[in-house]
Amino acid sequence: MMKIIRTSLVQMQVGADRLKNLENAAKLIADAKKLGAQLVALPECFNSPYGTNFFHEYAETIPNGPTSNMLSEAARENSVYLVGGTFPEIENNKYYNTCTVWNPHGKLIAKFKKMHLFDIDIPGKITFKESDILSPGSDLVTFDVEGVKVGLGICYDLRFEELAKLYRLQGCKVLIFPAAFNMTTGPIHFELLQRARAVDNQLFVCAISPARNESGYIAWGHSQITSPWGKVMVQAKDKEEIIQADIDLTECDDVRRQIPIFYQRRIDLYDTIKKK
Ligand SMILES: NC(=O)CC(=O)C(=O)O
């Protein structure tokens, strides 16, 4: 099993030109490789602006489409595990917000569909309803990086503690969330949620945002890697940037041994208390 994974998060600028987005992503993945990355991850909706009015236009089939082709080639050429952010997928006449993962040979090894759709209404601030267009996924998806189990979620999924706990119970040591928090929820919740999921489940959490844009849905940025202790190892600012950390898996084993909460849970009681 790999002990240390050099992980790079690509906080890229995303615009309306799909081809430019793909070219920029390919360049930044190569830059990450030059920094020694073994695992590279892109943000949510990296081939298009983020908005329900864009999902139809930018949707592609997987794995046959320009975005899948670029991701497969970039993974192979740079010989990295690549979490290809997300892009709108069309499958059987339904639309999904989908994350693909590619191995260093360019093979698709995982596909996760956003499970909790981003439907919120904060008057005067932000209203968003992904479910107007998208269907939710229903499956947990993990993949393997040289013996290390990694679980996937997308943005709003980060808010659901159950998802992260199920991944921990499946043996994950790393969770990766391509994301695009906004200027209302990002400043108060983005870091906090990642630290909460990391400390609750004693695993590494990586979340990758697009860089801050100027109009439409404005992304908060602040991509981050958090340790199983809940410590922020590295955090981006708002502009285009690659952040990187060496994820040392022994840290998971250490904290799980030192603070063994997963053996101390009173699962014999919780149901009884709930029923009282
Ligand atoms: N964009 C999302 O899916 C989630 C988000 O911005 C939030 O939860 O806040």
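If you run side chain to side chain contact (heavy atoms under 4.5 Å, CB included) between F177 and each of V205, I154, I208, only V205 comes through.
Across A211 and Q13, no two heavy atoms sit closer than the pair CB-OE1, 3.6 Å. Here the closest non-hydrogen pair linking D144 and G147 is OD1-N, 2.8 Å. For I243 against S223, the heavy-atom pair with the smallest separation is CD1-O, 3.4 Å. Counting all heavy atoms, side chain and backbone alike, A74 lies closest to I29 at CB-CD1, 3.9 Å. For the pair D157 and F112, the tightest heavy-atom approach, listed with the atom from each and the gap, is OD2-CE2, 3.3 Å. Minimum interatomic distance between T52 and E130 (heavy atoms only, all atoms of both residues): CG2-CA, 3.9 Å.
Looking at heavy atoms from C-beta onward, L9 lies out of side-chain contact with Q224 at the 4.5 angstrom threshold. Side-chain contact between Y81 and E146: present, with at least one pair of heavy atoms (C-beta onward) separated by less than 4.5 Å. A heavy-atom distance below 4.5 Å is found between the side chains of T185 and R159. A heavy-atom distance below 4.5 Å is found between the side chains of T98 and I62. Using a 4.5 Å cut-off on side-chain heavy atoms (C-beta onward), W229 and D254 make no contact. A heavy-atom distance below 4.5 Å is not found between the side chains of W102 and F143. Contact check for I120 versus T127: no side-chain heavy atoms found under the 4.5 Å cut-off. Y58 has its side chain out of reach of C45: every pair of non-hydrogen atoms, C-beta onward, lies at least 4.5 Å apart.
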(request) Go through the steps to decide whether Q38 and T7 satisfy the test side chain to side chain contact (heavy atoms under 4.5 Å, CB included), and finish with yes or no. (result) CA-CA 6 Å; Q38 295 161 304; T7 303; over 6 Å; no
(request) Could you check S72 against N69 for side chain to side chain donor-acceptor pair (under 3.5 Å), going step by step and ending with a plain yes or no? (result) CA-CA 5 Å; S72 167; N69 291 343; over 6 Å; no
(request) Evaluate the side chain to side chain contact (heavy atoms under 4.5 Å, CB included) criterion for residues T142 and Q170: first the C-alpha distance (whole Å), next the side-chain angles of each, then the deciding distance (0.1 Å), finally the verdict. (result) CA-CA 9 Å; T142 65; Q170 287 191 2; 3.5 Å; yes
(request) For side chain to side chain contact (heavy atoms under 4.5 Å, CB included), just list the numbers for K113 and K94, CA-CA rounded to whole Å, side-chain angles, deciding distance to a tenth of an Å, and then say yes or no. (result) CA-CA 12 Å; K113 295 170 172 156; K94 285 186 169 175; over 6 Å; no
(message) If you apply the rule side chain to side chain donor-acceptor pair (under 3.5 Å), what do you find for Q11 with E240, and how did you get there?
(response) CA-CA 5 Å; Q11 180 168 295; E240 184 163 278; over 6 Å; no
(request) Would you please test E191 and V232 for side chain to side chain contact (heavy atoms under 4.5 Å, CB included) and show each step? (result) CA-CA 8 Å; E191 176 182 326; V232 179; 3.7 Å; yes
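No side-chain N or O of T86 forms a donor-acceptor pair with one of E44 less than 3.5 Å apart.
Not counting sequence neighbours, the partners of V148 by the side chain to side chain contact (heavy atoms under 4.5 Å, CB included) test are M1, M2, I5, K173, V174, L249.
In summary, R18 and E57 do not engage in a salt bridge, as defined by a charged side-chain N under 4.0 Å from a carboxylate O. A salt bridge between D31 and K27 is present, with a side-chain N of the basic residue lying under 4.0 Å from a carboxylate O of the acidic one. A salt bridge does not link K129 to D119: none of the charged side-chain nitrogens sits closer than 4.0 Å to a carboxylate oxygen.
Judged by distance alone, the side chain of R76 and the main-chain N or O of H105 form no donor-acceptor pair under 3.5 Å. Side chain of R212 to main chain of I218: no donor-acceptor pair is present (N/O by atom type, distance under 3.5 Å, no hydrogens or angles). With hydrogens and angles disregarded, a donor-acceptor distance shorter than 3.5 Å links the side chain of E241 to the backbone of K237. When atom types are taken as modelled, the side chain of Q194 and the backbone of F190 share a donor-acceptor pair closer than 3.5 angstrom. The closest donor-acceptor contact from the side chain of N21 to the backbone of G15 lies under 3.5 Å.
How far CG of L158 is from NE2 of H116: 11.5 Å, rounded to the nearest 0.5 Å. Interatomic distance, OH of Y217 versus CE of M183, reported as 10.5 Å (0.5 Å rounding). Put simply, OH on Y96 and CG on L117 are 10.5 Å apart, with the number rounded to the nearest 0.5 Å. Rounded to the nearest 0.5 Å, atoms NZ (K111) and OG (S68) are 8.5 Å apart. Distance check, rounded to the nearest 0.5 Å: CG of L175 to CZ of R197 gives 10.0 Å. Distance CG/L152 to CG/L140: 10.0 Å, rounded to 0.5 Å.
Between H189 and F181, a ring centre-to-centre spacing not shorter than 6.0 Å is recorded. Taking the six-membered ring for Trp, F118 and F128 have ring centres closer than 6.0 Å.
A cation-pi contact, defined as under 6.0 Å to the ring centre and within 45° of the axis, links R168 to F262.
Sparse packing is recorded around CD1 of I188, with 12 or fewer heavy atoms of other residues, nucleotides or ligands lying under 6.0 Å away. Annotation for Y270: atom OH counts as buried by contact number, over 12 foreign heavy atoms lying within 6.0 Å.
Hydrophobic clustering (side-chain heavy atoms under 4.5 Å, transitive across Ile, Leu, Val, Met, Phe, Trp, Tyr) keeps M115 apart from L169.
Between H222 and W220, the ring planes are parallel. Angles under 30° get that label, and only those over 60° would be called perpendicular.
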